[in-house]
Amino acid sequence: MNSPILQLLVLAGIAIFLILRLKRVLGTRDGFEGPTRNTPAPETSRRREFEVIQGGPDHDIVDHVPEDSEAAGALADMKRIEPDFSVTGFLQGARGAYEMILMAFERGKLDEITPFLDREVYETFAQVVDAREQQGLSIEAEFIGVRELSLFDAKFDANTRRAEISVRYVGELISVVRDSNGEIVEGVPGQSKRQKDIWTYERIMGSDDPNWRLVATGE
């Protein structure tokens, strides 16, 4: 037997010996086994997980109202009409609107807030302001801040695209009422009080007018 054939036989014998040793150490796999820890997940699995994350709840909505509530559905409808609409952004604007409207009412300067009031709300405010003036009352008011703010409710009419969002406020302000002689009839100078309100704003989604109007006030 020549030398090359002998070398092949020796190498083959070594290979068989190593295979038998490896089987005794590692064992064999029978049936289904999951991928090892270092095995990358299939591309289809990664894509499916990504789609689930992308299709998850809209936190701009569920951070303010329960996910399965009617209010959440109404807000989602608003965002379908106007994809750029942000609930969080709306509430930020509602915070500023509360101070602006409340202080204009306290000071009797309704002309500054006319574009932001529904006609009926404006007329109600105007009647109160007129009554104060007829009684010779004046108000000294200072806004301290909004202590609490939350989305109370939301409604949407798909036929008219009319959206309503109600906001609950807890505001803090100093308000002193004086009569025609300058005597204090209500409030204490320098002493703040908290005021609770639920205000409802309305707007036609998709319209050119970006302003939300105050259509109702309550507690």
Side-chain angles (χ1 to χ4, degrees), residues 60 63-65 69 71 74-75 78 85-157 160 162-205 207-219:
D60 184 49
D63 285 351
H64 303 290
V65 295
S69 64
L75 294 170
M78 296 177 201
F85 170 66
S86 165
V87 179
T88 302
F90 168 85
L91 291 175
Q92 291 173 349
R95 179 183 293 271
Y98 183 70
E99 177 182 358
M100 177 182 67
I101 294 174
L102 182 62
M103 296 311 293
F105 169 71
E106 291 285 325
R107 294 165 180 163
K109 299 181 178 180
L110 299 184
D111 56 319
E112 299 177 356
I113 55 173
T114 302
F116 307 104
L117 302 180
D118 176 75
R119 185 179 66 181
E120 292 186 4
V121 173
Y122 175 85
E123 291 176 353
T124 300
F125 282 8
Q127 290 174 3
V128 175
V129 171
D130 290 344
R132 289 195 312 231
E133 291 179 352
Q134 291 174 6
Q135 296 174 38
L137 301 177
S138 61
I139 296 181
E140 301 169 359
E142 179 184 355
F143 190 78
I144 305 301
V146 176
R147 298 310 181 199
E148 297 178 25
L149 180 149
S150 60
L151 198 155
F152 180 73
D153 196 10
K155 297 179 182 178
F156 181 73
D157 187 326
T160 62
R162 186 179 304 277
E164 287 188 2
I165 300 180
S166 298
V167 181
R168 179 190 284 116
Y169 298 95
V170 176
E172 186 172 354
L173 68 156
I174 299 172
S175 180
V176 176
V177 182
R178 297 180 183 272
D179 61 18
S180 57
N181 297 319
E183 298 294 328
I184 297 177
V185 296
E186 183 180 336
V188 179
Q191 180 175 315
S192 64
K193 63 178 181 179
R194 293 201 171 188
Q195 178 168 316
K196 297 179 180 180
D197 290 293
I198 295 178
W199 285 8
T200 300
Y201 299 89
E202 181 183 89
R203 180 173 175 265
I204 302 299
M205 303 303 291
S207 68
D208 295 332
D209 187 354
N211 289 331
W212 289 80
R213 288 179 174 80
L214 181 64
V215 297
T217 62
E219 294 183 6

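- No more than 12 heavy-atom neighbours from other residues, nucleotides or ligands sit within 6.0 angstrom of CD on Glu186.
- Between the OG1 atom in Thr200 and the NZ atom in Lys155 there is a gap of 8.0 Å [rounded to 0.5 Å].
- For Ala71 against Asp153, the heavy-atom pair with the smallest separation is CB-OD1, 3.9 Å.
- Between the side chain of Arg213 and the main chain of Arg119, no donor-acceptor pair closer than 3.5 Å is present.
- Side-chain atoms of Ile204 and Asp209, non-hydrogen and from C-beta on, never get closer than 4.5 Å to each other.
- The minimum heavy-atom distance linking Ala154 with Ala74 is given by the pair O-CB, 3.6 Å.
- Atom CZ of Arg147 and atom CG of Leu173 lie 10.5 Å apart (nearest 0.5 Å).
- In terms of the side-chain hydrogen bond (donor to acceptor under 3.5 Å, both in side chains) criterion, Glu164 has no residue partners (sequence neighbours excluded).
- With rounding to the nearest 0.5 Å, the separation of CZ in Arg107 from OG in Ser175 is 10.5 Å.
- Closest approach of Tyr201 and Ala97 over heavy atoms only: OH-CB, 4.0 Å.
- Heavy atoms only, all atoms of each residue included: Phe85 and Ile165 are closest at CZ-CD1, 3.9 Å.
- Looking only at side-chain heavy atoms (C-beta outward), Met205 and Arg203 come within less than 4.5 Å of each other.
- From Asp130, atom CG reaches atom CD of Glu123 across 11.5 Å, with rounding to the nearest 0.5 Å.
- Under the 4.5 Å side-chain criterion, counting only non-hydrogen atoms from C-beta, Leu75 is in contact with Leu151.
- With Tyr98 contributing its side chain and Trp199 its backbone, the two residues share no donor-acceptor pair below 3.5 Å.
- Distance check: Asn211 CG to Phe116 CZ gives 5.0 Å after rounding to the nearest 0.5 Å.
- With respect to the salt-bridge test (charged N to carboxylate O, under 4.0 angstrom), the residues Glu172 and Arg194 qualify.
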Give the C-alpha distance, both sets of side-chain angles, the deciding distance and a yes or no for side chain to side chain contact (heavy atoms under 4.5 Å, CB included) between Val129 and Glu133. CA-CA 6 Å; Val129 171; Glu133 291 179 352; 3.9 Å; yes

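- Taking the side-chain contact (heavy atoms from CB on, under 4.5 Å) definition, one finds that Phe152 meets it with Ser166, Arg168, Ile198, sequence neighbours left out.
- Nearest approach of Leu137 to Val185, heavy atoms of both residues: CD2-CG2, 4.3 Å.
- Phe156 meets the ring pair (Phe, Tyr, Trp, His ring centres under 6.0 Å) test with no other residue; sequence neighbours excluded.
- Nearest approach of Ile144 to Ser192, heavy atoms of both residues: CG1-CB, 4.2 Å.
- The backbone N or O of Thr88 sits less than 3.5 Å from a side-chain atom of Asp60, completing a donor-acceptor pair.
- Between the side chain of Asp118 and the main chain of Glu120, a donor-acceptor pair closer than 3.5 Å is present.
- One N or O on the side chain of Arg132 and one on the backbone of Glu106 form a donor-acceptor pair closer than 3.5 Å.
- The shortest side-chain heavy-atom distance between Thr217 and Asp197 does not fall under the 4.5 Å cut-off.
- Annotation: the span from Phe143 atom CZ to Glu99 atom CD amounts to 5.0 Å, rounded to 0.5 Å.
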